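Residues: numbered from 1 along the sequence shown. These figures come from a predicted structure and were not determined experimentally.
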Amino acid sequence: MQGHNWIAILDFGSQYSQLIARRVREQRVYSELLKFNISASDLAARKPAGIILSGGPASVLESGAPLCDPAIYDLGVPVLGICYGLQMTGKLLGGAVKPGHAREFGSARITVTRPEPLFRDLPADLDVWMSHGDQVEALPPGFSVMARTETCPVAAMGNAARRIYGLQFHPEVVHTPNGTEILRRFLFDVCACRPDWEMAQFIRESVAAIRAKVGDRHVLCGLSGGVDSSVVAALLHRAIGRQLHCVFVDNGLLRYGEAKQVEETFGKAFGMDLHVAHAQDRFLAALKGIVDPEHKRKIIGKVFIDVFVAEARTLGEVKYLAQGTLYPDVIESASPIGGPSATIKSHHNVGGLPADLKFSLIEPVRELFKDEVRLLGRELGLPDFIVNRQPFPGPGLAVRILGEITAERVALLQRADLRVQEEMEKDPIYPRVWQSFAVLLPIQTVGVMGDSRTYENVAALRIVESQDGMTADWSRVSYDTLARISNRIINEVKGINRVVFDISSKPPATIEWE
């Protein structure tokens, strides 16, 4: 964090809260999500340049609705309320909030009535993305209307003297074309932020923090060969050198040839202290007969940690366990406001840890999004083939094999997935693809090969584009590429006789099938 030059985002549970943080960081201003109920005194002690109040699923008219500390408005720090944040601001500062005459969900057009400062130099009519039922009907004292729609009299409001503003729409989503410009005006014109947050500074601060925390103790780092763990290993290696001991767990659920590649890259090329735990049989035995995806994740998480404990014993006293936990992992594994929102899925390195964990955790990139981790990796000097690698789930192929996990089914999927990767890398759209992989379905279908009838497995192709994994859309892959993938899998992978293509977006689907 850079002194006063950062933005605090109070999270009221909106699906877009993390996107607000991303949009701010894209402007090279550090931002951090905080719980909605942080006290004004605690927030003041951290000296933010501005405060953003996120949207949320609750209604401010409900009993027990989440509310910020009202004293936050008296700190003299600029505040921007978005959707629920606007309604809460209106209520807490003496205005009136009522259910809207017409609920607005989706695209809308606002008319700007007072452009300064948020709408300065923007058109008078703007397309925006609305998502609300309640609305401010009576302004708090000192506020004026900045924009309205035909059905919403207060689409934006502000009190210039107190530097408190509110937007009924969501500027952070792509469906609000001028949203970034509106946020920029808040960041730079209202909050006077400087665009100076960069990975070089993040590295300096992280290295100093790691050294201060670790001292002369030793750290165990789980190294999968993926972007996240590789960047964490490189960052820790820069900070503490030979005090870092990397453990690569071959759980038998990796991509084709991955175990060998990790050993050669990190053990030989990077010269790190790398220990390889060959635990394929242990994982497969623990997963025998298990078909529930959440149960699979919990089992893999527990065995993963058990293997780490065993490796740590061979290394002597190791105090810390480093993990490549990212912001989306944390977000999807727990309710952001400590309330009733549902856990989407557990992540083996967040939600699946046992209560009697023997290590203290070091998670140096847990506040970063995937694209930021890639930037960090480049700054640390990691090669492109690691930095640009597609995300791979912690539980590995276990969540891409629907049904029971067996050695035979793992080998089948590995061979199919290899064909997907080889063909996708030839396609011009590959650089913008977030993930492309095969999924083995728990069904068999009839086919014909030569003059013989077959009754074999089905593979599904999952190819998506995304910025951070929080949302995703299926890639419009060319028919020629799909045809080559299908032909190669069916002709070269004995045991699969049908290939299908998944055209679901996230949401409502997730990227992984389990």
Side-chain angles (χ1 to χ4, degrees), residues 1 198-250 258 261-277 301 304-305 307-330 347-350 353 357-389 391-392 394:
M1 187 186 306
E198 54 189 17
M199 283 303 157
Q201 178 156 341
F202 180 87
I203 291 172
R204 290 193 295 270
E205 293 177 354
S206 296
V207 166
I210 290 167
R211 288 173 177 167
K213 181 173 183 177
V214 172
D216 60 357
R217 295 176 183 253
H218 291 252
V219 178
L220 197 61
C221 177
L223 183 58
S224 70
V227 177
D228 308 336
S229 64
S230 298
V231 170
V232 167
L235 184 59
L236 284 163
H237 193 252
R238 177 172 294 192
I240 59 174
R242 300 302 291 180
Q243 292 168 245
L244 173 66
H245 309 281
C246 292
V247 173
F248 171 62
V249 178
D250 185 357
E258 188 166 24
Q261 184 185 58
V262 169
E263 290 191 64
E264 291 180 349
T265 300
F266 291 92
K268 297 178 181 177
F270 289 172
M272 294 185 186
D273 181 32
L274 177 65
H275 302 257
V276 180
F304 185 82
I305 294 301
V307 172
F308 262 79
V309 171
E311 286 296 321
R313 291 196 184 103
T314 68
L315 296 170
E317 183 179 354
V318 176
K319 169 69 174 177
Y320 295 101
L321 170 63
Q323 297 188 144
T325 306
L326 303 189
Y327 225 171
D329 297 337
V330 177
H347 290 263
H348 84 284
N349 59 348
V350 179
L353 297 175
L357 181 63
K358 301 296 192 300
F359 305 103
S360 295
L361 291 180
I362 292 181
E363 298 173 312
V365 297
R366 68 177 284 121
E367 302 301 328
L368 299 185
F369 294 97
K370 178 68 76 171
D371 56 335
E372 294 173 322
V373 172
R374 295 189 197 280
L375 290 173
L376 177 58
R378 292 188 183 96
E379 191 72 24
L380 288 166
L382 291 175
D384 286 345
F385 76 87
I386 291 178
V387 173
N388 296 330
R389 196 171 194 183
F392 189 64

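Test Ile240, Ile362, Leu220, Leu236 against Tyr320 for side-chain contact (heavy atoms from CB on, under 4.5 Å) and you get one pass: Ile362. Put simply, the residue from Val373, Leu375, Ile386 that forms a side-chain contact (heavy atoms from CB on, under 4.5 Å) with Val231 is Val373.
The two residues Val219 and Ala322 have their closest heavy-atom pair at CG1-CB, 3.9 Å. Closest approach of Pro364 to Leu235, counting heavy atoms only: CB-CD2, 3.9 Å. Scanning both residues, Ala239 and Ile210, for their nearest heavy atoms gives CB-CG2, 3.8 Å. Pairing each heavy atom of Leu380 with each of Ile203, the nearest pair is CD2-CD1, 3.8 Å.
In terms of the ring pair (Phe, Tyr, Trp, His ring centres under 6.0 Å) criterion, Phe248 has no residue partners (sequence neighbours excluded).
One finds the CG atom of Asn388 at 6.5 Å from the CZ atom of Arg374 (value rounded to the nearest 0.5 Å). Once rounded to the nearest 0.5 Å, the distance linking OG1 of Thr314 with NE2 of His275 reads 6.5 Å. With rounding to the nearest 0.5 Å, the separation of CG in Leu223 from CG in Leu274 is 6.0 Å.
For the pair Leu361 and Thr325, the minimum side-chain heavy-atom distance is 4.5 Å or more.
Sorted by first and then second residue, the side-chain hydrogen bond (donor to acceptor under 3.5 Å, both in side chains) pairs involving residues 234-248 (not counting sequence neighbours) are His218-His245, His245-Asp273.
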